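Only this structure's heavy atoms are used, side chains among them; waters, hydrogens and symmetry mates stay out. Small disclaimer: the values here were computed from a predicted structure and weren't measured.
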Amino acid sequence: MEVTLQLQRPVSGSRSVFHGRGLLKIKPFIGSFSNVRTTQSLQFISWCTENPTRGFSHRISASSDFSRKRQRKVSTPRPKDSGPKGFTPKAEPNIPKRDQKKNGEREGSSMPTLSEYGGPTKKTPETKVGIDEKPVDELSEDDKIWEEYIDEAEKENEKVLQKSKSLAVAKSSQLVKNGSVGKVDEDVSVLQKKETTSETDIENVKDESALDRNIVDDDIAGSQKKETTSNIENLKDESSLEGKELNLNKSNGIVNEESVETDIKASEDTSQKLKLEMEAIAGLQKKETTSNIENLKDESSLEGKELNPNTNKSNYIVNEESVETDIKASEDASQKLKLEMEAITGSQKKETTSNIENLKDESSLEGKELNPNKSNDIVNEESVETDIKASEDASQKLKLEMEAIARSQKKETTSNIENLKDESSLEGKELNPNKSNGIVNEESVETDIKASEDASQKLKLEMEAKLRTQEIEKLADVSFLTGNKMFVYPQVVKPDQDIELFLYRSLSTLSNEPDLLVLGAFNDWRWKSFTVRLNKTHLKGDWWSCHLHVPKEAYKMDFVFFNGQDVYDNNNMKDFCITVEGGMDLFAFEDFLLEEKRLEQEKLAREQAERERQEEERRRIEAEKAASEADRTQAKMETEKKREMLQRLMKTAARSVDNVWYIEPKEFKGEDLIRIYYNKSSGPLAHAKELWIHGGHNNWKDGLSIVSKLDISERTDGDWWYAEVVVPDRAFVLDWVFADGPPQKAIVYDNNHRQDFRAIVPQSIPEELYWVEEEHQTYRKLQEERRLREEAVSVKAEKTARMKAETKEKTLKRFLLSRKHIVYTEPLDVQAGSTVTVFYNPANTVLNGKSEVWFKCSFNRWTHRMGPLPPQKMLPADNGSLVKATVKVPLDAYMMDFVFSEREDEGIFDNNYGMDYHLPVFGGVVKEPPMHVVHIAVEMAPIAKVGGLGDVITSLSRAVQDLNHNVDIIFPKYDCLNFSNVKDFQYNRSYHWGGTEIKVWFGKVEGLSVYFLDPQNGFFGMGCIYGCRNDGERFGFFCHAALEFLLQGGFHPDIIHCHDWSSAPVAWLFKDYYTHYGLSNARVVFTIHNLEFGAQNIGKAMAYTDKATTVSPTYSKEVAGNPVIAPHLYKFHGIINGIDHDIWDPYNDKFIPISYTSENVVEGKRAAKEALQQRLGLKTSDLPLVGIITRLTHQKGIHLIKHAIWRTLERNGQVVLLGSAPDPRIQNDFVNLANQLHSTHGDRARLCLTYDEPLSHLIYAGADFVLVPSIFEPCGLTQLISMRYGSIPVVRKTGGLYDTVFDVDHDKERAETRGLEPNGFSFDGVDTAGVDYALNRAISAWYDTRDWFDSLRKRVMEQDWSWNRPALDYMELYHATRK
């Protein structure tokens, strides 16, 4: 039996004690003791070779710990049953006592007694030997030789120790030169030389060598440690005793920086020697294992004997059990080697640290500084760092060597087992545990390999943990010595790494706190915060630590320590921070955050969409349920009505009427074939050539379901005719009439004096069952009708939404291309996170002819976190005069802003006339902050509309709100408001101003928030909007009250937008009374819709407003010379109005016969024209139709309108005019013209001199052309609406008409600059020749090129004249106002 004892108590060396006599197996030892002669080792090996396998042995190994130095005594063997706790030998021989003399000679031995052992035991696998154990009472001759060998070895060991001591200790007068410590080590190493054994001896040695090598390693390490420690101690003691300085330049004993380096060098030499010895051990193991297996196989082969584990003969046996035993022994050896190497490494570290501490302490006691430039004992910071570095290098080398040994052992074991398997296979023997051969089966091989791999992995992990502990201990010592209360391991922190954070509590403000926690986050406290508790560590001193994980996105870790309550250590208000190496930088992290935000936004959007879908589904189910109940109720009601009606009819029904009609057979039921006889001479059909029956059943429930021609009957008692018909199923009553022809062709009927003929069906189904089925059928019919209606509405709504989205996309593209002659980008749509190229044509700007062009850019209205980008000198592009620059667009951009200049820092700028250039950025993670816009106006469609101003207020507000901005409207509460279009109307608040109470009401108009001001002075209770004698006073009071409402209500708008003369006072009242009193954030924008009225108010508003606009670019130029405008042209802009596509929409217009889009414009307009002709009594004919919808004023060119009517009639066209004149004289003039036209051209001309909203929709849809010959027109909506309905505009070139209508023959290039195609006919001048020129070309195109004309209709319908584009222009103006 073999038992390995792992001794817990440290010893300075180790040796094997063999107990036994002739029955004991002596395990040979390979190598050399540091204190044993080589000759003795060889004698011992020779003796072991001559006496193989003679029993069993106890094997005791002691691990070394050089940190503790205590004298050990060799104990005598214990009596039977007195072994240490937990240790029970399988068989214990009778061991006689040695004589006291020999025991006394071995008192200095380092072997501990068994009673000193206090650790757990570990038993090795037993090997049963087939020889009886017998007690042995006296020593054999061999034992005596062994005893003498042991005694002589111990004496030699004592001599070596004495010699080492004498070499290490110097007399007080002796000069210790540089490298003296290394010299002592060299002397010791000479005594430690190994002598190799012959190859023949090695080949005969079995696996017992592993244990003996461990013993050798322990002796070597123990001797090295003891000698090094002793030398340093002696040097220190001598220096201290003699009071002499350790100085290189004096005769005293000196330990300086060089000596420390020498010590480190000696330590490295020792490590190198240890490495070589280990490599030799590994080589011997491999060679021995291979040799042993080969010898066993060869002997078995030579003797022709089977490898049988059950035989007691002397042949060599290799079976599965022995293989497992070998593997187990190898693992045990590896484990022991690991433990011993760890002990050596720990001892080396501890000794180095201890020596340095001792030197420093002694120097401190003597009052001397550790300064390399003085004569004191010198250990400076550099030497400490050098020692630590050398120790770390040695530890790292040891780790690599251990890993190499483990890999080698695994490889050898696997190879040996494979060789056994291969040889067994070649010899034709099976590896079967149930047979007598040596067997190694596949399972055992895999198990062995797995066990070896696990052992190697475990060894590697344990060594890494050991090295980690050593490094942390060194860092703790250095941190404490340098006064650092905190450090982190590993010292270089990297992303996606686990780290350990250490704090020396006693040096912290938390020194008296029982609980320590760390509170922190990463990247300037912006990423993944944490709070973790610290625990007391095993380190010397008051070190506490916790484990943290550094995320892969980190570039810095920020933290403080606290007690979990209110006591903090925050590094003197600076916080602690650790830089994370090799990861993201600040900008990369910003991009990462933006990407994370984008993903989060997408996730939230998906979740919101899912919630909306579920809510929509819930509403649909509820609506379906409610509609189903309504259908069921309606079906029940309809069925009751039918039942009552049918019951009344059944009372009047008969089976026959004498001499008029009868039925054969008299008894019949549903689905029977019957004959209905009719006496032709009894009624109005007496002279008819043909007779037909038109019939149904149950009060014509299914309409006309019986149609048949009557034949002449054979009866001779009258003019009888008959028809064969099938009785409808489920009929109670048959209904019919007789006629002189089939349906649609009959002229004369006999309907029984308008009562119809009715006959009772004698054998009908049960009445109750019929009505139950009837109600169910009615219910199903109603459900189907409702389903079809809802599907049609849904399809139409989806198509409308799709068309609106497509239109908006096209408009945006047109907006981006609108300045292509100056600037554009590739790609056209600027995407966040992408690279975009900006192309600029200085030839069309103020930078024309400049030698250089510089590009200056930023984002988000010049407010981006990165600030303006560095100026770029633009490079020539490939095409013409263009220059270009490339920009990387950040992920958090929503707007790209830029200007151009002639030099990098100064000079002439092209900043788009003070507006700067701006392009929207799509797909960014940041959305543009909403702007708050407040309109103060006196008109608003549809609740109080007089002219186009009301349409602009509503439509512009909705368009800006659709761009995700906040819009409010402040409006007078007229007593003539159309409250039917106000939703959620409710009282809001009241306030006092101007000596009166003003009540505020709130409501929603077309989805817009409107605040209605109701002053109690009666200003807006006069029954009208305009026309009162005090309009100026009324609206002036309203403007002031509106600003006071904003102030008292706590509003902080960005823009206050006022309109025309009626709300112009807002501009100066705001600047005079409110700019510095709570509304300082706001800016004022003033829009002129018509300069004809209130010029004085308009002029004053122009002086005070921040920005001013009018309703078209051309009109702004036309009025630029006006004295109220001219001084303020620098802030005056023209923005075209738009139309509301929800109101003017031919696809959803309820006032036209069929819905249509550009895809079916021809069919839609044809149907509308026919409906218009029928409604107005015009000839239904395919003629060119000119529509005129206008107010009849001189501004609208009434003389040109009259001429155009006659010219159209001359060209064989039709004319329809809708409008009225505020001037009675003009109204009467057109009444006379209408009478004349209706009498002479009544089938082709119609003048409707009134206001008719539905008729206006029908005219826009049914007309081929719409004439707008205005003398001046600030914007004009008529031409825009006409194009929306596919009618071609014929206009005079003025104001907004010129900005929106491009002549098909003359304006192609002008249209291209706006991203459009020609869309109408136009003329100059104010005479009749001009209108003739345009109208003649239009009518000729209708007659001569109908296909081209139809394509022109389609083109104008696809152009977007909504508020999509004007809203973008107004937002640019709003931002420029706040710039």
Side-chain angles (χ1 to χ4, degrees), residues 638-774 777-778 781:
E638 290 183 6
T639 302
E640 287 296 326
K641 289 181 180 179
K642 292 177 183 178
R643 186 170 186 175
E644 292 175 2
M645 179 66 69
L646 189 59
Q647 287 177 348
R648 287 197 302 269
L649 293 176
M650 289 180 67
K651 293 178 181 180
T652 63
R655 290 177 177 268
S656 64
V657 175
D658 292 342
N659 204 36
V660 179
W661 64 271
Y662 68 92
I663 297 175
E664 288 186 352
K666 294 181 179 181
E667 297 295 328
F668 58 89
K669 63 183 184 298
E671 299 184 348
D672 286 353
L673 181 64
I674 62 173
R675 283 188 177 186
I676 300 178
Y677 288 85
Y678 172 65
N679 188 354
K680 179 181 175 182
S681 60
S682 63
L685 297 175
H687 302 289
K689 296 181 179 179
E690 292 183 358
L691 291 180
W692 289 77
I693 183 172
H694 303 172
H697 68 285
N698 297 351
N699 195 26
W700 304 94
K701 171 181 174 291
D702 295 332
L704 190 64
S705 59
I706 300 174
V707 177
S708 182
K709 186 177 181 181
L710 277 70
D711 294 325
I712 300 176
S713 172
E714 296 178 354
R715 289 186 57 174
T716 58
D717 56 344
D719 195 5
W720 290 93
W721 294 62
Y722 71 91
E724 291 185 344
V725 298
V726 176
V727 178
D729 187 25
R730 302 173 68 249
F732 287 102
V733 177
L734 295 178
D735 313 292
W736 75 89
V737 296
F738 296 107
D740 62 350
Q744 309 300 329
K745 294 183 179 180
I747 299 175
V748 181
Y749 288 86
D750 183 357
N751 56 12
N752 192 23
H753 307 289
R754 296 189 176 182
Q755 297 296 315
D756 295 341
F757 296 96
R758 288 186 173 86
I760 297 175
V761 178
Q763 299 177 9
S764 59
I765 65 172
E767 185 176 356
E768 289 300 323
L769 176 61
Y770 171 80
W771 290 116
V772 169
E773 294 178 354
E774 182 66 19
Q777 288 182 357
T778 303
K781 179 182 177 182

Handout entry: Passing candidate, side-chain hydrogen bond (donor to acceptor under 3.5 Å, both in side chains) with D756, options Y749, W736, W700
Key = W700
Exercise for the section: Taking the side chain as every heavy atom from C-beta outward, state whether L673 and E724 have any atom pair closer than 4.5 Å. Expected result: yes
Problem - Minimum heavy-atom distance R758-D735, with the two atoms named - result: NE-OD1, 3.0 Å
Handout entry: Heavy-atom pair with the smallest gap, counting every atom of R655 and K666
Key = NH1-O, 3.6 Å
Problem - CG (D658) with more than 12 external heavy atoms under 6.0 Å - result: no
Problem - Student check: side-chain heavy atoms of I706 and P728 closer than 4.5 Å - result: yes
Problem - pair F738-V748: side-chain heavy atoms closer than 4.5 Å - result: no
Handout entry: Pairing of E774 and R643 as salt bridge, 4.0 angstrom limit
Key = no
Exercise for the section: Might you confirm whether atom CD of E714 has over 12 heavy atoms from other residues, nucleotides or ligands at distances under 6.0 Å? Expected result: no
Problem - Nearest-0.5 Å distance, CH2 of residue W661 to OH of residue Y677 - result: 14.0 Å
Practice task
Considering non-hydrogen atoms only, spot the tightest contact between H694 and G741 and give its length.
Solution key: NE2-O, 2.9 Å
Handout entry: Student check: side-chain heavy atoms of Y722 and I712 closer than 4.5 Å
Key = no
Problem - Closest approach of I663 to A759 (non-hydrogen atoms, all atoms of both residues) - result: CD1-CB, 3.7 Å
Handout entry: Exercise: identify the closest heavy-atom pair between K669 and V727
Key = O-CB, 3.5 Å
Problem - Gap separating the CD1 atom of I676 from the CD1 atom of I693, nearest 0.5 angstrom - result: 4.0 Å
Practice task
Please check if the side chain of D740 supplies one atom and the backbone of I747 the other of a donor-acceptor pair under 3.5 Å.
Solution key: yes
Problem - SB check E664 R675 (cutoff 4.0 Å) - result: no
Practice task
Would you check if F732 and I765 make a side-chain contact, meaning some heavy-atom pair closer than 4.5 Å?
Solution key: yes
Exercise for the section: Please test H697 against S705 for side-chain contact (heavy atoms from CB on, under 4.5 Å), starting from the C-alpha separation and ending with a verdict. Expected result: CA-CA 8 Å; H697 68 285; S705 59; 4.0 Å; yes
Handout entry: 4.5 Å side-chain heavy-atom contact, N699 and V733
Key = no
Handout entry: Gap separating the CG atom of D719 from the CG atom of L691, nearest 0.5 angstrom
Key = 8.0 Å
Handout entry: E644 side, atom CD; K642 side, atom NZ - distance, nearest 0.5 Å
Key = 13.0 Å
Exercise for the section: Nearest 0.5 Å please: distance from the CG atom of N679 over to the CG atom of N659. Expected result: 5.0 Å
Exercise for the section: Would you give the length of the straight line joining atom CG of D711 to atom CH2 of W720, rounded to the nearest 0.5 angstrom? Expected result: 15.5 Å
Exercise for the section: Measure from the ring center of Y678 to the ring center of Y662 and say whether it is less than 6.0 Å. Expected result: no
Exercise for the section: Indicate yes or no for a side-chain donor-acceptor contact from K680 to the backbone of G718 under 3.5 Å, with no hydrogens or angles considered. Expected result: no
Handout entry: Backbone of N752 reached by a side-chain donor or acceptor of D750 within 3.5 Å
Key = yes
Practice task
Decide whether W692 and E690 meet the rule of one side-chain donor and one side-chain acceptor closer than 3.5 Å.
Solution key: yes
Exercise for the section: Identify the two heavy atoms, one from A739 and one from L685, that lie closest to each other, and give their separation to 0.1 Å. Expected result: N-CD1, 3.7 Å
